[in-house]
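Everything on this sheet refers to the single structure shown next.
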2 protein chains.
Amino acid sequence: MSKVLSDLIESLKCLPGVGPKSATRMAYYLLQRDPDGAKNLANSILNSFKHLGKCKSCNNFCETTICDLCSDSGRNNSVLCVIEMPTDLLMFEQTHSYNGLYYILMGRLSPLDGVGPKELAMNSLYERCKDENIKEVIIATNFTKEGDATSTFITELIKDLGKKISRIARGMPSGSEIEYTDTGTLAQAISERKNIN
Amino acid sequence: MSKVLSDLIESLKCLPGVGPKSATRMAYYLLQRDPDGAKNLANSILNSFKHLGKCKSCNNFCETTICDLCSDSGRNNSVLCVIEMPTDLLMFEQTHSYNGLYYILMGRLSPLDGVGPKELAMNSLYERCKDENIKEVIIATNFTKEGDATSTFITELIKDLGKKISRIARGMPSGSEIEYTDTGTLAQAISERKNIN
Ligand SMILES: [Zn+2]
Ligand SMILES: [Zn+2]
């Protein structure tokens with residue numbers, strides 16, 4: 001096989017979830033069926049690294065110093081929601097039930113993968129939370145072992161700032177049936193039950 | 001979302017099997033976790049289109065006019081095996097049981113997808129088969145409807161050249177058990193049975 005082609009296959013393996021087989025399939029597909037798409041992909045990648053930085057306020061990827069969301073005066077700047085990834089922000093926005101600001105960790109604490117407080121730039125989060133406008137910090141890391149550990153760490157980190165700190169609720173998924181719910185989720189739903197009368 | 005970022009996500013969707021969700025995941029992964037891999041991918045793609053052409057003899061992708069395999073004097077140039085894709089060539093080579101030459105169609109006849117004899121450059125295959133060294137043409141398109149139709153078409157196309165034309169055998173997979181074989185395969189294995197005494 002030509003060196004140029006094997007380099008292409010090798011380089012496609014950097015994509016998450018792409019092994020040798022799909023990398024080979026993708027390479028031939030691009031060469032044979034979609035040269036324009038492939039060149040466009042190459043340029044988009046190079047373009048991204050040339051133009052994208054991190055928003056000084058929320059840490060999301062953006063082309064400007066402060067992103068559109070952070071500079072939107074229509075958002076409630078007294079609430080800051082801490083999330084793991086930019087995709088979580090998209091999910092939050094889709095609910096149309098949150099109008100505050102965000103801070104994106106770009107990951108979660110995961111000592112086994114070498115991701116500690118330094119790698120997540122927790123000091124930047126601390127600085128952000130100091131902002132006197134912020135009255136409440138909502139921690140919305142995932143309900144996984146690592147997400148929970150990250151939540152605990154952040155709570156400890158910012159507690160001296162005297163802000164209200166909350167965690168999004170854990171419980172039964174909307175539309176779910178008890179019969180088909182895993183016991184862990186059900187146990188949480190019971191222990192976090194709410195008084196309704 | 002930033003335009004540069006949404007362009008990147010959009011362009012990743014050109015990869016086969018990549019929808020909006022995985023494109024988004026891939027984009028953030030590249031930006032956050034593997035900038036070097038991403039830039040390397042972009043350059044490999046551009047490099048491929050700059051350097052790769054088609055071998056004048058077998059139609060495979062290569063950097064030279066004639067590829068290494070076609071110019072290898074150790075190969076038996078009296079047999080030409082016609083296959084659909086470059087990945088099929090890799091499979092053939094892995095068997096170590098074929099030492100002839102190849103011709104790669106880069107697809108199969110598929111009228112519904114707009115792939116006819118012209119799109120597959122069947123005239124180039126015809127010209128290739130004219131080579132007086134070639135005594136036998138082995139047709140190894142897939143045993144699918146489209147692969148079979150392609151095989152029939154090629155047989156008709158080259159029959160006036162007076163070469164031996166063969167099709168690789170269809171039958172029970174090696175190591176398979178009758179109980180777990182689909183009836184179509186078993187029926188083929190019966191009708192194509194070989195005399196062994
Ligand atoms: Zn921002
Ligand atoms: Zn060749």
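Because the structure is a prediction, the values reported are computed rather than measured. Order of the sequence lines fixes the chain letters, A, B, ..., with proteins taken first and strands second; residue numbering starts at 1 for each chain.
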Using only non-hydrogen atoms and a strict under-4.5 angstrom cutoff, which residues of residues 29-57 of chain B touch chain A? B/Tyr29, B/Leu30, B/Leu31, B/Gln32, B/Arg33, B/Asp34, B/Pro35, B/Gly37, B/Ala38, B/Lys39, B/Asn40, B/Leu41, B/Ala42, B/Asn43, B/Ser44, B/Ile45, B/Leu46, B/Asn47, B/Ser48, B/Phe49, B/His51, B/Leu52, B/Lys54
In this structure, would B/Leu109 and B/Ile168 fall into the same cluster of hydrophobic residues linked by side-chain contacts under 4.5 Å? yes
Using the rule that Ile, Leu, Val, Met, Phe, Trp and Tyr join whenever any side-chain heavy atoms are under 4.5 Å apart, tell me whether B/Leu161 and B/Met122 fall into a single cluster. yes
Which of B/Leu12, B/Thr64, B/Ile9 touches chain A most, by non-hydrogen pairs under 4.5 Å: B/Leu12
Below 4.5 Å, heavy-atom pairs only: which of B/Cys62, B/Gly107, B/Pro86 has the largest tally toward chain A? B/Pro86
Looking at A/Glu10, A/Met85, A/Met106, which makes the most heavy-atom pairs under 4.5 Å with chain B? A/Met106
Would you find more than 12 non-hydrogen atoms of other residues, nucleotides or ligands less than 6.0 Å from A/Glu127 atom CD? yes
Within the supplied structure, the quantity of interest is the number of heavy atoms (other residues, nucleotides, ligands) at a distance under 6.0 Å from A/Asn76 CG; does it exceed 12? yes
Examine whether an atom of A/Leu90 lies under 4.5 Å from a heavy atom of chain B, and if so say whether it belongs to the side chain, the backbone or both; otherwise answer neither. side chain
Side-chain donor or acceptor of A/Glu63 paired with backbone N/O of B/Lys3 under 3.5 Å: yes
Atom pair CG/CZ of B/Leu8 and A/Phe61 - distance to nearest 0.5 Å: 10.0 Å
Contact check, side chains of A/Leu15 and B/Leu15, non-hydrogen atoms, under 4.5 Å: yes
Shortest non-hydrogen contact from B/Arg25 to A/Pro16? NH1-CB, 4.1 Å
